[in-house]
Amino acid sequence: MSVKAGSGKFNVGVVGASGMVGGELLGLLESRRFPVGELFPFNSGRRAASVRFRGRRLACSAPSFDALKKADIVFFVSNEEVSEKFAPRLAEAGVWCIDDSSRFRLSPGVPLVIPEVNGGELKPSKRLIAGPNCTLTGAAVALAGVHRRYGISELRMATYQAVSGAGKAAMTELEEELRGYLRKGAVPRLKGKGFPRPIAFNLFPQVGGFDAEGNTGEENKVEAELKKILAAPRLRISVTSVRVPVLRGHSLALWFTTSKPCGLAEIKKEFGRTPGLKFFSRPEDYPTPLENGHRTDIVYAGRLRRSKTSAREFQLWVVSDNLYKGAALNSVQIAERIVRI
Ligand SMILES: NC(=O)c1ccc[n+]([C@@H]2O[C@H](COP(=O)([O-])OP(=O)(O)OC[C@H]3O[C@@H](n4cnc5c(N)ncnc54)[C@H](OP(=O)(O)O)[C@@H]3O)[C@@H](O)[C@H]2O)c1
């Protein structure tokens with residue numbers, strides 16, 4: 001046991017405790033009975049906030065290095081700047097840092113981990129650990145087994161991303177647009193909003209800013225992070241990311257090509273033994289974000305079929321909870337593993 005608290009309990013810091021992922025994370029630490037000694041919740045300090053944990057209300061405060069150093073494990077669920085400011089120095093000082101921001105995901109030497117897929121990368125010497133972007137988690141979990149056995153050489157993906165993937169303010173934006181529509185019969189133009197277009201009764205193919213080639217930040221993240229997690233630098237990936245007016249649960253349409261020949265039966269068999277995946281064999285049993293993307297621990301897949309455009313290509317539909325497996329749950333599962341290292 002390399003975590004420092006002696007009693008089998010661990011002091012835990014949550015930076016971003018008042019946010020969407022932070023709230024889910026606190027609930028999961030409680031419901032999964034993670035052995036928390038003391039809990040230290042942090043927010044920006046720009047507004048008063050408190051959180052409820054094990055029946056007690058705890059005030060959030062702005063993080064400082066000294067305050068964070070009292071923890072054995074710190075979850076970073078705020079933003080890249082905050083992770084950058086504290087996580088490397090804390091990890092250096094021996095505190096486990098589990099970072100949900102994108103700041104260190106592609107840094108060499110920082111494990112980017114989904115425990116079911118590459119949990120073996122967790123080591124006592126690597127105290128700073130990144131969790132991946134919520135969009136690719138479903139694809140990584142669903143395809144890990146097939147990739148290991150048959151090699152995936154090409155992956156195309158269209159994403160249907162819930163607004164909660166963009167944080168609490170984005171959920172409020174959708175709700176306010178819907179309320180405005182119900183009151184006045186038209187989607188209102190809100191001031192100071194985060195999304196580039198109205199989201200109520202709409203969707204748009206833009207998640208993040210555009211690069212010189214016309215790809216979005218999200219599309220590039222999905223590509224680079226998937227290659228790292230699957231240890232497949234030569235995998236060819238193209239992605240179109242779409243924001244949809246769903247509150248919670250990301251959906252993916254995937255087209256994947258295997259290097260070694262295999263049939264539908266072999267892929268179904270692989271899905272049957274892939275950790276963290278529930279595969280629906282009957283086409284009509286496909287998962288949806290409303291039914292399978294709310295506080296669900298696993299990734300759901302269905303509608304497997306051969307593609308009509310290429311002999312080795314298959315199509316799959318995947319749904320996962322962006323706030324659980326895509327963020328908070330994945331981080332807690334990482335913590336559950338590191339306390340056993
Ligand atoms: N939403 C998802 O599906 C998802 C999935 C994967 C990863 N992530 C990552 O998880 C992180 C949090 O996302 P979210 O969706 O929970 O965002 P959110 O709802 O906007 O919450 C952000 C949290 O960060 C806190 N914060 C902001 N600035 C801070 C500062 N300077 N110091 C300390 N805390 C600060 C906020 O505190 P205040 O309340 O004081 O502003 C709030 O608690 C992000 O890095 C995001 O990329 C999110």
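No experiment lies behind these values; they were computed from the predicted model shown.
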Requested in this report: List the steps, then state whether salt bridge (Lys or Arg N to Asp or Glu O under 4.0 Å) holds for K126 with E121.
Outcome: CA-CA 9 Å; K126 307 223 160 168; E121 304 218 356; over 6 Å; no
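- Of the inter-residue distances, the one linking M157 atom CE with F256 atom CZ reads 12.5 Å to the nearest 0.5 angstrom.
- Residues Q161 and E218 have side chains that bring a donor and an acceptor to within less than 3.5 angstrom of each other.
- Ion pairing of R248 with E24 is present here, as a side-chain N (NZ or NE/NH1/NH2) and a carboxylate O approach within less than 4.0 Å.
- Remark: the backbone N or O of P261 is not paired with any side-chain donor or acceptor of T258 at under 3.5 angstrom.
- Considering only heavy atoms from C-beta on, F40 stays 4.5 Å or farther from V14 through its side chain.
- For the pair I73 and V339, the minimum side-chain heavy-atom distance is below 4.5 Å.
- V36 and V77 fall within the same hydrophobic cluster, where Ile, Leu, Val, Met, Phe, Trp and Tyr residues are linked whenever their side-chain heavy atoms come under 4.5 Å apart, directly or through other members.
- Using modelled atom types, one finds a donor on one side chain and an acceptor on the other under 3.5 Å when comparing E291 with T288.
- Of the possible donor and acceptor atoms, none in the side chain of N292 sits under 3.5 Å from a partner among the backbone N and O of T296.
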**Report entry** side-chain contact (heavy atoms from CB on, under 4.5 Å) assessment of L68 paired with V95
**Finding:** CA-CA 9 Å; L68 290 167; V95 177; over 6 Å; no
Query raised in the report: How far apart are the C-alpha atoms of D66 and S64, what are their side-chain angles, what is the distance that settles it, and do they pass the side-chain hydrogen bond (donor to acceptor under 3.5 Å, both in side chains) test?
Result: CA-CA 5 Å; D66 288 340; S64 69; 5.7 Å; no
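- V244 and L323 fall into different hydrophobic clusters, where Ile, Leu, Val, Met, Phe, Trp and Tyr are joined by side-chain heavy atoms under 4.5 Å apart, directly or via other members.
- Taken from CZ in R295 to CG in L329, the straight-line distance is 12.0 Å, to the nearest 0.5 Å.
- Taken together through direct or relayed side-chain contacts under 4.5 Å among Ile, Leu, Val, Met, Phe, Trp and Tyr, L230 and V113 form parts of separate hydrophobic clusters.
- Within 6.0 Å of CZ on R273 lie more than 12 heavy atoms contributed by other residues, nucleotides or ligands.
- Here the side chain of E30 pairs no donor or acceptor atom with the backbone of R32 at under 3.5 angstrom.
- More than 12 heavy atoms of other residues, nucleotides or ligands shown are found within 6.0 angstrom of CZ on R305.
- Of the possible donor and acceptor atoms, one in the side chain of T159 sits under 3.5 Å from a partner among the backbone N and O of V242.
- A donor-acceptor contact under 3.5 angstrom links the side chains of K325 and Q333, judged on distance only.
- A donor-acceptor pair is defined here as one N or O able to donate and one able to accept, closer than 3.5 Å; no such pair exists between the side chain of K268 and the backbone of L304.
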Report task. Show your reasoning for whether salt bridge (Lys or Arg N to Asp or Glu O under 4.0 Å) applies to D285 and R282. Result -> CA-CA 6 Å; D285 291 337; R282 294 187 335 149; 2.9 Å; yes
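- The backbone N or O of S107 sits less than 3.5 Å from a side-chain atom of K228, completing a donor-acceptor pair.
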Query raised in the report: Could you walk me through whether Y300 and F279 pass the ring-ring contact (aromatic ring centres under 6.0 Å, His included) check?
Result: CA-CA 6 Å; Y300 295 85; F279 171 67; over 10 Å; no
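- Rounding to the nearest 0.5 Å places CZ of F314 at 13.5 Å from CG of L155.
- Counting heavy atoms from C-beta on, the side chains of F76 and L90 come closer than 4.5 Å.
- In this structure, the side chain of H250 does not engage the main chain of N322 through any donor-acceptor pair within 3.5 Å.
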Report task. Quick one: do L106 and E225 satisfy side-chain contact (heavy atoms from CB on, under 4.5 Å)? Show the steps, please. Result -> CA-CA 7 Å; L106 299 177; E225 293 178 28; 4.0 Å; yes
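- Residue H147 holds its NE2 atom at 11.5 Å from CD1 of I229, rounded to the nearest 0.5 Å.
- Ring pair F201/Y181: centre-to-centre distance below 6.0 Å.
- Between the side chains of S101 and D99, at least one donor-acceptor pair of N or O atoms lies under 3.5 Å.
- Atom OG1 of T240 sits about 5.5 Å away from atom CD of E219, to the nearest 0.5 Å.
- Rounding to the nearest 0.5 angstrom, the gap separating the CG atom in L26 from the CG atom in L39 is 6.0 Å.
- The closest donor-acceptor contact from the side chain of R105 to the backbone of V110 lies at 3.5 Å or more, if one exists at all.
- For the residue pair D100 and S331, a side-chain donor N or O sits within less than 3.5 Å of a side-chain acceptor on the partner.
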Query raised in the report: Do L316 and F271 pass the side-chain contact (heavy atoms from CB on, under 4.5 Å) test, and can you show the C-alpha distance, the side-chain angles, and the key distance before you say yes or no?
Result: CA-CA 11 Å; L316 186 70; F271 284 162; 3.6 Å; yes
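- The minimum heavy-atom distance between P88 and F104, with the atom names listed, is CG-CZ, 3.4 Å.
- At a threshold of 4.5 Å between non-hydrogen side-chain atoms, the residues L28 and Y324 count as touching.
- Side-chain atoms of F204 and P196, non-hydrogen and from C-beta on, do get closer than 4.5 Å to each other.
- Checked against the 6.0 Å centroid threshold, F280 and W317 do not count as a close aromatic pair.
- Cation-pi geometry between R243 and F195 is not met at under 6.0 angstrom from the ring centre and within 45 degrees of the axis.
- F53 has its side chain within reach of L29: a pair of non-hydrogen atoms, C-beta onward, lies under 4.5 Å apart.
- A heavy-atom distance below 4.5 Å is found between the side chains of S61 and F42.
- The residues E313 and R306 are annotated as not salt-bridged, no charged nitrogen and carboxylate oxygen being separated by less than 4.0 angstrom.
- With D72 contributing its side chain and N11 its backbone, the two residues share a donor-acceptor pair below 3.5 Å.
- Side-chain contact annotation: R57 with S50, donor-acceptor N/O pair under 3.5 Å present.
- A salt bridge links E223 and K227; the closest N-O separation between the charged side-chain nitrogens and carboxylate oxygens is under 4.0 Å.
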Query - From CA spacing to verdict: side-chain contact (heavy atoms from CB on, under 4.5 Å), V12, F75 - result: CA-CA 8 Å; V12 170; F75 294 95; 3.6 Å; yes
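- The backbone N or O of S153 lies less than 3.5 Å from no partner atom in the side chain of R234, so there is not a single donor-acceptor pair.
- At a threshold of 4.5 Å between non-hydrogen side-chain atoms, the residues L247 and E175 count as touching.
- Taking hydrophobic clusters as Ile, Leu, Val, Met, Phe, Trp and Tyr residues chained together by side-chain heavy-atom distances below 4.5 Å, I199 does not share a cluster with Y160.
- For the side chain to side chain contact (heavy atoms under 4.5 Å, CB included) with L136, the qualifying choice from V222, L252, I237, V239 is V222, the only one to do so.
- Remark: the T137 side chain and the N330 side chain contain no N/O donor-acceptor pair separated by less than 3.5 Å.
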Query raised in the report: Which is it for T257 and R312 under the side-chain hydrogen bond (donor to acceptor under 3.5 Å, both in side chains) test, yes or no, and what are the steps along the way?
Result: CA-CA 5 Å; T257 305; R312 290 238 185 105; over 6 Å; no
